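Here is the naming used below: chain letters follow the sequence lines, and residue numbers restart at 1 for every chain. What you see is a predicted model; the values in this text were computed from it and never measured.
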Amino acid sequence: MTIHSDIRDGETRPLHQDKGAAPEILYVPRYTGLQRVNHWITAILFTLLTLSGLAMFSPYLFSLTGLFGGGQATRAIHPWFGVVLAISFVFLFVRFWRLNIPNKDDLEWTKKIGDVVTNREDRLPELGKYNAGQKMVFWGQTALIAVMFVSGLVIWNTYFGGLTTIETQRWALLATRWRRSSPSRSSWCTSTPASGCAAPAGRWSAAPSPAAGPTGITASGSARSPAAASARGRPTSTGRKRPPLSRTPGASADGDPGSRGRAPRSGPL
Amino acid sequence: MADYSSLDIRQRSASTETPPEIRRQVEVAKLIDVSKCIGCKACQSACEEWNDLRDDVGVNTGNYQNPHDLTAKTWTLMRFEEYENPQTNNLEWLIRKDGCMHCTEPGCLKACPSPGAIVQYSNGIVDFIEENCIGCGYCVKGCPFNIPRISQTDHKAYKCTLCSDRVAVGQAPACAKACPTGSIMFGTKQAMIEQAHSRIDDLKSRGFEHAGLYDPAGVGGTHVMYVLHHNDQPSLYAGLPNDPKISPLVAFWKGGAKVFGLAAMGFAAVAGFFHYVTAGPNEVAPEEEEEAVELDEAKRRNGGGEARPH
């Protein structure tokens with residue numbers, strides 16, 4: 001019989017008893033509640049911007065204006081979404097930029113991208129909180145959001161139409177449209193789990209055993225309850241983002257985690 | 001503006017289907033003979049009267065040009081330019097009636113993202129259907145002549161309609177009807193070209209050797225044409241573009257960039273899906289699990305037994 005314990009705050013409290021052979025579930029805090037809210041505000045706004053922008057991008061998708069209340073409403077609200085997203089993203093940037101500074105492990109990871117996408121983590125180097133794919137997403141998003149925001153301001157007729165020449169506005173339109181349509185890193189990432197990118201919580205791979213299900217506080221629900229947000233996570237819950245342990249011959253044989261001196265790997269929310 | 005039967009539309013903005021066009025109408029054109037214009041602004045007044053427009057009162061800056069620029073409520077404007085001709089040492093007062101040129105290949109129509117907001121009738125008139133306009137201003141960026149204007153009150157685009165409602169019932173545009181000197185003529189494009197040629201011969205015989213017809217091929221020809229004294233330098237006439245065409249930026253933005261963009265997005269989605277069904281999501285190995293547990297316990301020890309984000 002296995003006792004599922006809640007060991008948050010260092011104390012052990014029994015949760016419920018289960019006759020299965022599931023091991024103890026450990027909750028590892030990854031992000032604070034505030035970080036999560038910030039991330040999801042950004043993500044939701046990004047989605048709204050994508051939908052309203054696509055409506056104006058292609059005649060085939062013009063019907064998406066129906067989601068926002070018509071063509072005029074879509075045109076009016078799209079830049080406001082952008083303003084709020086830019087502000088929200090600044091907070092994320094300030095909080096996470098240090099963790100995304102590339103180092104030489106990232107170079108090795110990138111070279112072994114074949115191993116990454118085929119789940120051969122044993123061949124990949126150990127990394128910090130984020131792997132190279134995630135770092136590329138981070139910096140890519142920073143650059144793309146900056147370009148979209150500035151070019152969006154230039155073509156925002158209502159307030160800034162008179163401040164630039166028409167030729168400048170044509171360049172901004174091209175930048176906006178071209179940038180938007182290049183495979184935005186995050187759209188690539190949500191569709192390729194193993195590339196080590198951000199993912200909705202529900203797609204994290206299950207931790208050790210299927211018996212994790214019945215406890216009701218499994219990671220698949222990690223985004224849903226704000227109260228427990230800070231303690232959510234799974235023991236090795238980087239799921240696809242988790243960089244592998246190096247098993248190269250000649251590496252230090254001690255399995256002592258302390259000697260590596262790094263936090264468990266995890267990815268953006 | 002008129003509501004033509006849909007059978008009369010040749011091009012329609014942002015439309016995924018071609019409009020029906022089984023009728024072929026005669027192409028019309030308005031010819032503005034700048035050499036005959038006296039700047040009386042009867043055309044501006046007639047346009048306001050016919051379309052029930054009254055623009056806001058502005059401030060005089062010492063120029064007869066009034067208002068200073070086209071607006072959502074001023075669809076045609078006399079532009080005054082003073083030119084000292086270096087060859088004759090004469091001061092020439094060049095007065096040009098500015099307004100939509102009704103291009104055969106309209107940049108505004110190409111740029112517009114809203115289906116049916118801009119249409120080109122089969123007689124060549126380019127009209128805005130304000131009901132479908134979303135006020136984005138792309139038409140302003142697409143136009144090689146800088147003509148459309150967005151109203152701040154209703155956020156819709158407006159410009160000269162070539163009196164499509166009058167033309168629909170066989171009348172000439174209001175400006176042509178009001179012009180006292182016959183500088184503005186209206187008829188079939190063919191007839192207007194012939195008329196222009198006879199006028200140009202006349203001008204050349206009187207010393208204007210560069211007189212010519214401004215009907216720019218870069219936009220496929222226009223349905224508003226000018227007879228200019230100095231057709232070798234159209235830009236003398238208050239910035240009339242010398243060789244107007246749809247900007248290549250606009251052409252790429254609305255052409256290749258869209259195809260590329262949609263294809264790239266589609267590819268990313270499909271590739272992601274196929275990766276998911278073949279390689280699948282990342283799985284956690286048991287030894288990694290143990291390692292992470294150890295790491296976390298180490299963290300807790302160091303952090304005094306509390307769980308903190310890391």
Residue pair [X] / [Y]: nearest heavy atoms and the distance that separates them:
| X | Y | result |
| --- | --- | --- |
| A/P59 | B/K258 | CD-NZ, 3.3 Å |
| A/L54 | B/M265 | CD2-CE, 3.7 Å |
| A/Q72 | B/H155 | NE2-O, 2.8 Å |
| B/A257 | A/F57 | O-CZ, 4.2 Å |
| B/L262 | A/L61 | CD2-CD1, 4.2 Å |
| A/I155 | B/K141 | O-NZ, 3.7 Å |

By residue number, those in residues 241-251 of chain B with heavy atoms under 4.5 Å from heavy atoms of chain A are B/S247, B/L249, B/V250

Which atoms of [X] are under 4.5 Å from chain B, going by heavy atoms: the side chain, the backbone, both sets, or neither?
| X | result |
| --- | --- |
| A/W171 | both |
| A/T158 | both |
| A/L99 | neither |
| A/Y60 | both |

Given the rule in the side-chain contact (heavy atoms from CB on, under 4.5 Å) test, do A/I166 and B/V140 qualify, once you have shown the distances and angles that lead to the verdict?
CA-CA 8 Å; A/I166 289 184; B/V140 180; 3.8 Å; yes

*Answer whether the closest heavy-atom distance between the side chains of B/Y138 and A/N157 falls below 4.5 Å.*
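When only atoms from C-beta onward are counted, A/N157 and B/Y138 do not touch, as no gap falls below 4.5 Å.
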
Tell me if the [atom1] atom of [X] is crowded by more than 12 foreign heavy atoms within 6.0 Å.
| X | atom1 | value |
| --- | --- | --- |
| A/L163 | CG | yes |
| A/F160 | CZ | yes |
| B/R54 | CZ | yes |
| B/K110 | NZ | no |

Distance col, row B/K254:NZ vs A/L173:CG, nearest 0.5 angstrom, shows 8.5 Å

A/E167 side, atom CD; B/N146 side, atom CG - distance, nearest 0.5 Å: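 One gets 11.5 Å once the value is rounded to the nearest 0.5 Å.
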
* For the pair B/H275 (side chain) and A/V117 (backbone), establish whether a donor and an acceptor sit closer than 3.5 Å, ignoring hydrogens and angles. => yes

If you count heavy-atom pairs within less than 4.5 Å of chain A, which of B/S13, B/G137, B/C136, B/S15 leads?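 Highest number of heavy-atom pairs under 4.5 Å: B/C136.
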
Given heavy-atom pairs under 4.5 angstrom as the criterion, report whether the side chain, backbone, both or neither of B/C143 touches chain A.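 Backbone only.
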
